[in-house]
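The structure under discussion appears below in the form of structure tokens.
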Amino acid sequence: MRKHLPKLVTLIVAAGTSGWLFASGFDARGLPVVDHKAWRQECASCHTAFHPGLLPERSWRKLMDGLDRHFGENASLDAASRKAITDFLAANAADRLDARRARKIAASIPAGTVPLRISESPWFVRKHDELSAAVWQHKSIGSRANCGACHPGADQGGFSEHDIRIPR
Amino acid sequence: MLKSLPLLFVLAAGTAAATPAAMLQDYVAAVRKSDPAFTPAVSRGEALFRKEHAGQAGRASCAACHTDDPKKEGRTRAHKAIAPLAPAANPERFTDTAKTEKWFGRNCQDVVGRACTPAEKADFVTWLISIR
């Protein structure tokens, strides 16, 4: 029994992890699971924990430089948190991640442009082009920033097409 | 290791800083440095919450996001839930000075258009603590 213990532990951990991945709407073909305590705490207290892979590094840097005017709101941070979160965003940005979806997002954004809204990237626009204006105005959606209204895994960066639930 | 576990809990509790009452005392003490007769008022705190301001974000009032009832969950413009403001409905509220100061700092700028004074913060917290 003793010598099989490591294997057993591995098996249990693997089984547990896969259960968690399915439960959280993990998207195997999507963006890798990334996390950062300050990022989740600071950014996701107001909006979806937008995966860093949804925008290129230059966008995140510009966005983090203007937090005092963050889409019309003051979201300023202390210098240490700002640097830590910027580093995390940059390291996992669309043009830095080795993942198919990240590369597609990065490639869709014309060189020389620095979009600050994820919903402005051609990739986002293309992926949502079949939705009518009325859908966006649905009470439980309300905003393009409210990813989780239709994508249950959004806060973990999961946007699998199989999981989409559009409120009626 | 096990022996030091209780000590660890004591240390963790020690860093969890304030209770709403202790935080209020800090704000009151700050005001009294220049105005020794200051007493915070529930009515002024509620008035600040409900007042309509011409803020830079076009945000009319605190209530716009926090709803009219501070015991209820609010909603950000990006549709994220905001835990209730009143400690009676949200025991975590006003237990972390840095967090409270961060949000006063951001939201006073956005909604009131300037930083809030320690007196306004004392009134605001007094009103919210008074809600049962």
Side-chain angles (χ1 to χ4, degrees), chain A residues 37-51 54-55 63-64 66-85 116-120 124 135-156 165-167, chain B residues 12 15-17 48 52-67 70 72-87 89-117 120-121 124:
Chain A
K37 198 176 163 216
W39 165 72
R40 198 163 280 282
Q41 199 173 303
E42 299 298 342
C43 311
S45 55
C46 292
H47 53 65
T48 307
F50 299 123
H51 194 292
L54 293 167
L55 282 176
L63 183 126
M64 294 300 285
L67 284 179
D68 55 330
R69 298 174 315 280
H70 187 66
F71 303 104
E73 281 181 43
N74 186 331
S76 42
L77 286 171
D78 62 276
S81 306
R82 191 166 68 105
K83 186 184 181 309
I85 294 170
L116 293 184
R117 288 181 193 274
I118 292 161
S119 56
E120 281 172 0
F124 181 100
V135 169
W136 292 109
Q137 273 149 30
H138 193 284
K139 220 177 105 219
S140 64
I141 302 176
S143 157
R144 277 169 170 71
N146 190 10
C147 308
C150 305
H151 300 277
D155 272 324
Q156 275 68 42
R165 299 280 178 275
I166 299 173
Chain B
T15 55
L48 176 64
E52 304 249 329
H53 305 269
Q56 60 172 30
R59 283 295 191 59
S61 64
C62 309
C65 287
H66 290 285
T67 80
K72 283 197 183 139
E73 204 172 66
R75 203 153 290 276
T76 69
R77 281 199 305 155
H79 288 249
K80 193 94 179 183
I82 309 171
L85 275 180
N90 171 16
E92 276 186 42
R93 189 62 71 188
F94 305 127
T95 59
D96 179 340
T97 305
K99 192 173 177 183
T100 299
E101 275 295 295
K102 181 180 81 181
W103 285 107
F104 267 135
R106 290 173 171 180
N107 294 351
C108 289
Q109 279 299 336
D110 271 353
V111 177
V112 188
R114 57 166 173 79
C116 290
T117 64
E120 285 172 324
K121 294 175 189 175
F124 196 82

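Naming convention: chains lettered A, B, ... in sequence-line order (proteins, then strands); numbering from 1 in each chain.
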Based on non-hydrogen pairs under 4.5 Å, which of Ala149(A), Ser143(A), Cys147(A) is most in contact with chain B?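 Most heavy-atom pairs within the cutoff with chain B belong to Ser143(A).
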Which of the residues Ala75(A), Gly148(A), Ala145(A) is involved in the greatest number of heavy-atom pairs with chain B at under 4.5 angstrom?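 Highest number of pairs under 4.5 Å: Ala75(A).
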Show the nearest heavy-atom pair for residues [X] and [Y], with the distance to one decimal.
X         : Y         : result
Asp110(B) : Asn74(A)  : OD2-N, 2.8 Å
Lys80(B)  : Cys46(A)  : CB-O, 3.1 Å
Leu77(A)  : Arg106(B) : CD2-NH2, 3.4 Å

Just wondering, are more than 12 heavy atoms of other shown residues or ligands nearer than 6.0 Å to NZ in Lys102(B)?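 Enclosed: over 12 neighbouring heavy atoms sit under 6.0 Å from NZ of Lys102(B).
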Should the heavy atoms of other residues, nucleotides or ligands under 6.0 Å from CD of Glu92(B) be counted, would the total exceed 12?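 No, not enclosed.
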By a 4.5 Å heavy-atom criterion (distance strictly below it), what part of Thr48(A) contacts chain B: side chain, backbone, both, or neither?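 Just the backbone, heavy atoms under 4.5 Å.
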Point-to-point distance, once rounded to the nearest 0.5 Å, from NE2 of His79(B) to NZ of Lys139(A):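 With rounding to 0.5 Å, NE2 (His79(B)) is 10.5 Å from NZ (Lys139(A)).
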As an exercise, state the distance from CG of Asn146(A) to CZ of Arg77(B), rounded to the nearest 0.5 Å.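 Rounded to the nearest 0.5 Å, the CG-CZ separation comes out at 13.5 Å.
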